[in-house]
Peer 1: 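I have a structure I would like to understand better, so I am pasting it below and will then ask my questions one at a time.
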Amino acid sequence: MKNEQIAASFDELADLLEVQGANPFRIRAYRNASRTIESLTDSLESMLESETDLTELQGIGKDLAGKIKELVETGTLEKLEELKSEVPPGVLDIMRLPGVGPKKAALLFKELNITGLPELKAAAEAGEIQKLKGFGKKTEESILSNIDQAAQAKEREFYATAEPLVEEIVDALSELSSTKQVSPAGSFRRRKETVGDLDILVTSDDAEQVMDALASHELVQEVLQRGDTKQRVRLIKGLEMDLRVVPEESYGAAMQYFTGSKEHNIVMRKRAQKRDLELNEYGLFSGKKSIAGKTEEEIYQALDLAWIPPELREDRGEFELAEKDQLPELITLEDIRGDLHMHTTATDGTASIQEMIEAAKERGRKYMAITDHSKRVTMANGLDADRLRDHWRDIRKVAEKIKGIHVLCGIECDILEDASLDLPDEVLEEADWVIAVLHYGLKQDKAQIHKRLMTAIKNPHVDIIGHPTGRLIGKRPGAEMDISEILKAAADHEVMMEINAHPSRLDLNSLHAAAAKELGIPIVISTDAHSTGGMDVMRYGVFQARRAGLSAKDVANCRTWAQFKKLLK
DNA sequence: GCCGTTTTCGGCCCGACTGTTTTCAGTCG
């Protein structure tokens, strides 16, 4: 059983306990454990095999260690099955409606025997809901207006999808006469792969003006809530945005608070408590006296911490580093010197060799690799040995005429389902740069996936593994593998690892990339561009690298050409 | 259900907004 499934079981257990009105701290314990499990790089299955003591893990005690064992060994959890028989699964769907939480969902179930969204809709239409204690006309209306959308299950959007919307709104609010500071906060500021809600913080002496401006912005479809300091709106694409107007002296505290993550903030508040202080979104207080609040820096400083970049605020070791002032200097887009994964019209790209080289040059790259598909990818018109050699000849011819950029003749070579490579060794040997990738058979069992990746890692001509897990965010999970074993092998055989910068891939993820860094594996951030414009996704790969705590020195394509050349096989 | 430099019990982060109440519970972030 995969870690994600175990984590999901604990989350479901927590949801069900919530409906039953169980001890909130017990519920939190399950959620904390789920989070711990999600951030593991080793599989619990293999940890159990090697008899690792699971209670060593944060938030896992004797009981939960036992439940993990039960899940791994039997594939089910007795406690979870028991709760599921008591609370119909549809009740959890109801709980996810805005404005309906565990208490209301439980009441609907108990009083009206409502067990799912369809029954709820019928009851609301019949006017049954507003008669319940604690419910009213407005709640009933809200349920009716949200239920269809909820039935379609609200999805998170890629960071890259939200980015232009956020930027446009920040710009519009910045132009108002009353606003002084305007900034996104929340998971967007932390540069998460996907974002659910968007948060914007503003300092202004005229909150009305700011809220009116947002309400009438062309990207806003509907105002969902409006108070004195907070407004919630729905943007196009279904994204929801919270605007908060805060006083100038609290701006730093509000930024800190609303940037999160929740887990990071809990540690911050506990730290404040230990020093007999109180931290909230208005500032850091000693009794009623404000000690800090205007900037984030002064808040972190008052708690004996260096300022922590938003990308690292996940309570995954950043506090330890900030205490010792050993936070990494995170990589920036300006550090990038090369782009080593891209396609041309030879396979499924839309631009010619010349256009791609010129586009890379325009973006300031000093070196690049053209890496079209190998023959297995028939859909993309993948290259066999003969066509590939012709293609390389063409690349060299064009590259000769363009000065100021080094062009590598590369290949994105498929690792086939039978654990062989799609091109023979003597062809790979001629390549300047070989990316080995899994495209097909991602659902094969763990052992076969492992065998395939090991074939590539052990091949003397393979420079790097591209989009190592093959996941597509929100669409399909990656191939099943023990990533720490794969990374160890890559380190042993001096094979690099890619962070594919495409917003739907971002593969390696930040945890995997951090693990790769620990092993000293050079990481390459690549755009996988299929057009000249496709090279602009580099920034998202850099954000991913930042969330992994990577510095320029950890990323191979930040090196100068002379330095990078030495890494080639 | 977890955890411990006030340790094996008694805590566990905190405020705004809404809708329902008429002083507050539930929900949300």
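Below, read A as the first sequence line, B as the second, and so on, with proteins coming before strands; counting in each chain starts at 1.
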Peer 1: Look at the side-chain N and O atoms of A:K67 and state whether any lies under 4.0 Å from the OP1 or OP2 oxygen of B:dG1.
Peer 2: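 A:K67 to B:dG1 OP1/OP2: side-chain N or O found under 4.0 Å.
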Peer 1: In this structure, how many angstroms lie between the P atom of B:dG1 and the CG atom of A:L77, rounded?
Peer 2: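 Value for this atom pair: 11 Å.
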Peer 1: Salt bridge or not between A:D15 and A:R31? Use side-chain N to carboxylate O under 4.0 Å.
Peer 2: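 A salt bridge links A:D15 with A:R31.
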Peer 1: By salt bridge (Lys or Arg N to Asp or Glu O under 4.0 Å), which residues pair with A:E45, not counting sequence neighbours?
Peer 2: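 Once residues adjacent in sequence are excluded, A:E45 has no partner under the salt bridge (Lys or Arg N to Asp or Glu O under 4.0 Å) criterion.
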Peer 1: Round to the nearest Å and state the distance from A:D11 atom CG to B:dG1 atom P.
Peer 2: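 Interatomic distance, CG of A:D11 to P of B:dG1: 16 Å.
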Peer 1: Tell me whether B:dT20 sits syn or anti, counting syn as a glycosidic angle within 90° of 0.
Peer 2: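 Anti conformation here, the glycosidic angle of B:dT20 being more than 90° from 0.
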Peer 1: Considering just the side-chain nitrogens and oxygens of A:S142, establish if one lies under 4.0 Å of OP1 or OP2 belonging to B:dG19.
Peer 2: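 No.
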Peer 1: How would you list all residue pairs meeting salt bridge (Lys or Arg N to Asp or Glu O under 4.0 Å) that involve residues 316-329 of chain A, not counting sequence neighbours?
Peer 2: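 Counting only pairs at least two positions apart or across chains, the salt bridge (Lys or Arg N to Asp or Glu O under 4.0 Å) contacts touching residues 316-329 of chain A are A:R271-A:E323.
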Peer 1: Contact class for A:I60 (heavy atom, under 4.0 Å): base, sugar-phosphate, or nothing?
Peer 2: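 Here A:I60 touches the backbone only, sparing every base.
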Peer 1: Can you check the A:L57 CG to B:dG1 P distance for me, whole Å?
Peer 2: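 To the nearest whole Å, that distance equals 18 Å.
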Peer 1: Over all strands shown, is A:P102 touching base, sugar-phosphate only, or nothing at heavy-atom distances under 4.0 angstrom?
Peer 2: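 It contacts sugar-phosphate atoms only.
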Peer 1: Among B:dG1, B:dG26, B:dG29, which nucleotide has an atom closest to any side-chain atom of A:K103?
Peer 2: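 Ranking B:dG1, B:dG26, B:dG29 by closest atom to the A:K103 side chain puts B:dG26 first.
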Peer 1: Please give the distance between the C1' atoms of B:dC9 and B:dC14 as a whole number of Å.
Peer 2: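 After rounding to an integer number of Å, I get 25 Å for this pair.
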Peer 1: Could you give the CD1-to-C1' distance, from A:I68 to B:dG1, as a whole number of Å?
Peer 2: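 Atom CD1 in A:I68 sits about 13 Å away from atom C1' in B:dG1.
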Peer 1: Distance check needed: B:dG4 P versus A:K274 NZ, whole Å only.
Peer 2: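 That distance rounds to 10 Å.
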Peer 1: According to the salt bridge (Lys or Arg N to Asp or Glu O under 4.0 Å) rule, which pairs have a member within residues 509-519 of chain A, sequence neighbours left out?
Peer 2: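 Sorted result for residues 509-519 of chain A: A:K517-A:D554.
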Peer 1: Base, sugar-phosphate or nothing for A:K104? Non-hydrogen atoms, less than 4.0 Å.
Peer 2: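 Sugar-phosphate, no base atom in range.
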Peer 1: Please give the distance between the C1' atoms of B:dG11 and B:dT6 as a whole number of Å.
Peer 2: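 Roughly 12 Å separates the two C1' atoms.
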Peer 1: Look at the side chain of A:N23 and the base of B:dG1, then say whether one donor and one acceptor between them are separated by less than 3.5 Å.
Peer 2: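 Between B:dG1 and A:N23, which were checked side chain against base, a qualifying N/O pair under 3.5 Å is present.
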Peer 1: Report all side-chain donor-acceptor pairs from residues 242-253 of chain A shorter than 3.5 Å, counting only partners two or more places apart or in another chain.
Peer 2:
unit_1 : atom_1 : unit_2 : atom_2 : d
A:D242 : OD1    : A:R232 : NH1    : 3.0
A:D242 : OD2    : A:R232 : NH1    : 2.9
A:S250 : OG     : A:Y282 : O      : 3.0

Peer 1: Give each protein N/O atom lying under 3.5 Å from an N/O atom of nucleotides 8-10 of chain B, with the pair distance.
Peer 2:
none

Peer 1: Could you work out the separation of B:dT5 and B:dG1 based on their P atoms and round it to a whole Å?
Peer 2: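 Here B:dT5 and B:dG1 have their P atoms 23 Å from each other.
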Peer 1: Whole-Å distance between B:dG4 P and A:E56 CD?
Peer 2: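 About 11 Å, once rounded to whole Å.
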Peer 1: Without decimals, in angstroms, what is the distance between A:R31 CZ and B:dC2 P?
Peer 2: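 Result: 16 Å.
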Peer 1: Under 3.5 Å between N/O atoms: give me all the protein pairs with nucleotides 15-18 of chain B, atom names plus distance.
Peer 2:
unit_1 : atom_1 : unit_2 : atom_2 : d
B:dG15 : OP1    : A:E278 : OE2    : 3.1
B:dA16 : OP1    : A:Y282 : OH     : 2.8
B:dC17 : OP1    : A:T229 : N      : 3.2
B:dC17 : OP1    : A:T229 : OG1    : 3.0
B:dC17 : OP1    : A:K230 : N      : 3.2
B:dT18 : OP1    : A:R226 : N      : 3.0
B:dT18 : OP1    : A:R226 : O      : 3.4

Peer 1: Please indicate whether A:N23 has more than 12 foreign heavy atoms, meaning atoms of other residues, nucleotides or ligands, lying under 6.0 Å from its CG.
Peer 2: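 More than 12 within 6.0 Å, yes.
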Peer 1: B:dC28 and B:dT23: how far apart are their P atoms, nearest whole angstrom?
Peer 2: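 Nearest-Å result for B:dC28 against B:dT23 at atom P: 26 Å.
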Peer 1: Name the orientation class of the two ring planes belonging to A:Y540 and A:Y159 (parallel below 30°, tilted from 30 to 60°, perpendicular beyond 60°).
Peer 2: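 Rings of A:Y540 and A:Y159: perpendicular, as their planes differ by over 60°.
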Peer 1: Return each pair, listed once, that meets salt bridge (Lys or Arg N to Asp or Glu O under 4.0 Å) where at least one residue sits in residues 201-212 of chain A; pairs must be two or more places apart or across chains.
Peer 2: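 Counting only pairs at least two positions apart or across chains, the salt bridge (Lys or Arg N to Asp or Glu O under 4.0 Å) contacts touching residues 201-212 of chain A are A:K180-A:D205, A:E208-A:R226, A:D212-A:R226.
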Peer 1: Would you say the side chains of A:D482 and A:S484 form a donor-acceptor pair under 3.5 Å?
Peer 2: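 The answer is yes; a qualifying pair exists.
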Peer 1: Just list the side-chain donor-acceptor pairs under 3.5 Å for residues 164-172 of chain A, sequence neighbours left out, or say none.
Peer 2:
none

Peer 1: How many Å lie between CG on A:L107 and C1' on B:dA25, as a whole number?
Peer 2: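 Nearest whole value for this atom pair: 12 Å.
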Peer 1: Listed by chain and number, what are the ring-ring contact (aromatic ring centres under 6.0 Å, His included) partners of A:Y30, not counting sequence neighbours?
Peer 2: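 Expected list: A:F10.
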Peer 1: Which value, in whole Å, describes the distance between the P atoms of nucleotides B:dG15 and B:dT20?
Peer 2: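 Roughly 26 Å separates the two P atoms.
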Peer 1: When rounded to the nearest Å, what value does the distance between C1' atoms of B:dG10 and B:dA16 take?
Peer 2: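 After rounding to an integer number of Å, I get 29 Å for this pair.
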Peer 1: Could you check which nucleotide pairs with B:dC2 in any of the strands shown, counting Watson-Crick or G-U wobble with both distances under 3.5 Å?
Peer 2: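 The answer is B:dG11, by the H-bond criterion.
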